[in-house]
Asks: 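Pasting a structure here, questions to come.
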Amino acid sequence: MRLLDFLLNDWKDRAVIDPARVGFVGFSLGGATGLVLMGIKPDFARVASLCKETIGMCAQLHNGETPPEPIQDARIRAAVIVDPAPLTLTRENLALVKVPFQFWRSQFGGPGVGDGSGNARVAEGLPGKPDVHVVPAGHYAFLAPCSPELAAAVPRICTDVPAGFDRAGFHREFNAAVMKYFREQLAAGDR
């Protein structure tokens, strides 16, 4: 919200942004954040029931501490949610989202999203006729293709599952589909 506040109100080039045509893209925890901004109320009781750890957020939830009520941002008119952290997402809280969104998930999951079954559950629980895309790869395939230097420095985010997945080819298709979706959803004539 703060970034959007800045872009719409204080940024030197704010005149190039139409505040009635705001789109949101969120990947992983950013995807879950986008869903919160679009109206879900995270199910922290569900998280507490699944928490095995005795430190951090799990400890706080087990002690009865819960985060404050999330704030919705009505300026978001459409979104692309990509492989969100699924733990707090339920059929009930996803039904609260009234903003149109495209949902992308990895078939094989990865860190923060488990084995992919959590987002398969989320996709099945989306209300209406959602625009869902399943990518036959792991979580990190949604990150841009890695340079040789990045692949050497952080191989875990640059190594695809399954081996041989064409990340560059996928991103050509993914980027085009996301742009097409936003053009359709945020068309100037639809205000």
Side-chain angles (χ1 to χ4, degrees), residues 1-8 10-14 16-17 22-38 40 42 44 47 50-61 67 70 73 76 78-89 101-123 131-183:
M1 285 183 69
R2 287 182 182 169
L3 176 60
L4 192 49
D5 288 342
F6 170 77
L7 290 173
L8 295 175
D10 300 321
W11 184 41
K12 68 178 181 60
D13 291 326
R14 66 184 170 272
V16 300
I17 301 174
V22 173
F24 179 95
V25 176
F27 166 66
S28 198
L29 286 175
T33 299
L35 290 167
V36 169
L37 290 171
M38 292 163 33
I40 75 156
F44 290 110
V47 174
L50 298 172
C51 271
K52 306 291 186 244
E53 297 175 25
T54 57
I55 60 171
M57 185 175 91
C58 287
Q60 290 175 302
L61 292 173
D73 194 328
I76 297 171
V80 174
I81 303 299
V82 181
D83 227 16
L87 196 56
T88 65
L89 306 176
F101 68 98
Q102 190 177 64
F103 188 83
W104 291 78
R105 72 173 189 85
S106 63
Q107 181 177 349
F108 303 115
V113 297
D115 64 4
S117 63
N119 274 327
R121 173 190 56 81
V122 170
D131 185 11
V132 176
H133 301 262
V134 181
V135 178
H139 186 62
Y140 291 130
F142 290 105
L143 296 177
C146 295
S147 67
E149 296 80 17
L150 184 58
V154 194
R156 68 183 172 84
I157 67 169
C158 298
T159 304
D160 287 310
V161 174
F165 177 77
D166 180 5
R167 192 183 293 198
F170 162 66
H171 273 270
R172 284 189 295 278
E173 294 171 19
F174 173 64
N175 296 344
V178 167
M179 291 303 298
K180 179 178 184 280
Y181 179 77
F182 279 130
R183 284 187 183 108

Asks: Could you grab the distance from atom CG of Asp73 to atom CG of Leu4, nearest 0.5 Å is fine?
Replies: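 Between Asp73 CG and Leu4 CG, I get 5.5 Å after rounding to 0.5 Å.
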Asks: Going from CG on Asp166 to CD on Glu173, what distance comes out if it is rounded to the nearest 0.5 angstrom?
Replies: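 The CG atom of Asp166 sits 8.5 Å away from the CD atom of Glu173.
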Asks: Okay, side chain of Arg167, backbone of Tyr140: is any donor-acceptor separation there less than 3.5 Å?
Replies: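 Yes, because the side chain of Arg167 sits within donor-acceptor range (under 3.5 Å) of the backbone of Tyr140.
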Asks: Show me the side-chain donor-acceptor pairs of residues 131-139 shorter than 3.5 Å, one per line, residues at least two apart or across chains.
Replies:
{"residue": "Asp131", "atom": "OD1", "partner": "His133", "partner atom": "NE2", "Å": "2.9"}
{"residue": "Asp131", "atom": "OD2", "partner": "Gln102", "partner atom": "NE2", "Å": "2.9"}
{"residue": "His139", "atom": "ND1", "partner": "Asp83", "partner atom": "OD2", "Å": "2.7"}
{"residue": "His139", "atom": "NE2", "partner": "Ser28", "partner atom": "OG", "Å": "3.0"}

Asks: Any chance you could measure Phe27, atom CZ, to Ser106, atom OG, to the nearest 0.5 Å?
Replies: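 Between Phe27 CZ and Ser106 OG, I get 8.0 Å after rounding to 0.5 Å.
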Asks: So does Pro86 get a backbone contact from the side chain of Arg121, meaning a donor-acceptor N/O pair under 3.5 Å?
Replies: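 It does hold such a pair.
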Asks: Evaluate the criterion side chain to side chain contact (heavy atoms under 4.5 Å, CB included) for residue pair Trp104 and Val25; output intermediate values, then yes/no.
Replies: CA-CA 11 Å; Trp104 291 78; Val25 176; over 6 Å; no
Asks: Of the non-hydrogen atoms in Gly23 and Phe182, which two are nearest, and what is the gap between them?
Replies: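 Smallest heavy-atom distance, with atoms named: CA-CE2, 3.7 Å.
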Asks: Can you check whether Phe101's main-chain N or O pairs, donor with acceptor, with Tyr181's side chain at less than 3.5 Å?
Replies: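 Yes; at least one donor-acceptor contact below 3.5 Å.
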Asks: Considering all heavy atoms of both residues, which atom of Pro70 and which atom of Val36 are nearest to each other, and what is their separation?
Replies: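 Heavy atoms only, the tightest pair is CB-CG1, 3.1 Å.
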Asks: Aromatic rings Phe174 and His171: how do their planes relate, parallel, tilted or perpendicular, breaks at 30° and 60°?
Replies: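 The rings of Phe174 and His171 stand perpendicular, inter-plane angle above 60°.
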Asks: Looking only at heavy atoms, which two atoms of Ala123 and Phe103 are closest? And how far apart?
Replies: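 Closest approach of Ala123 to Phe103, heavy atoms only: CB-CE2, 3.9 Å.
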Asks: Between Asn119 (side chain) and Pro84 (backbone), is there a donor-acceptor pair under 3.5 Å?
Replies: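 The answer is yes, because a donor-acceptor pair under 3.5 Å joins these two groups.
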Asks: Taking atom CG of Leu37 and atom CD1 of Ile76, what is their separation to the nearest 0.5 Å?
Replies: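 So the CG of Leu37 and the CD1 of Ile76 are separated by 4.5 Å.
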Asks: Just verifying a value: how many Å separate Arg2 CZ and Leu7 CG, rounded to the nearest 0.5 Å?
Replies: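 It is 14.0 Å, given to the nearest 0.5 Å.
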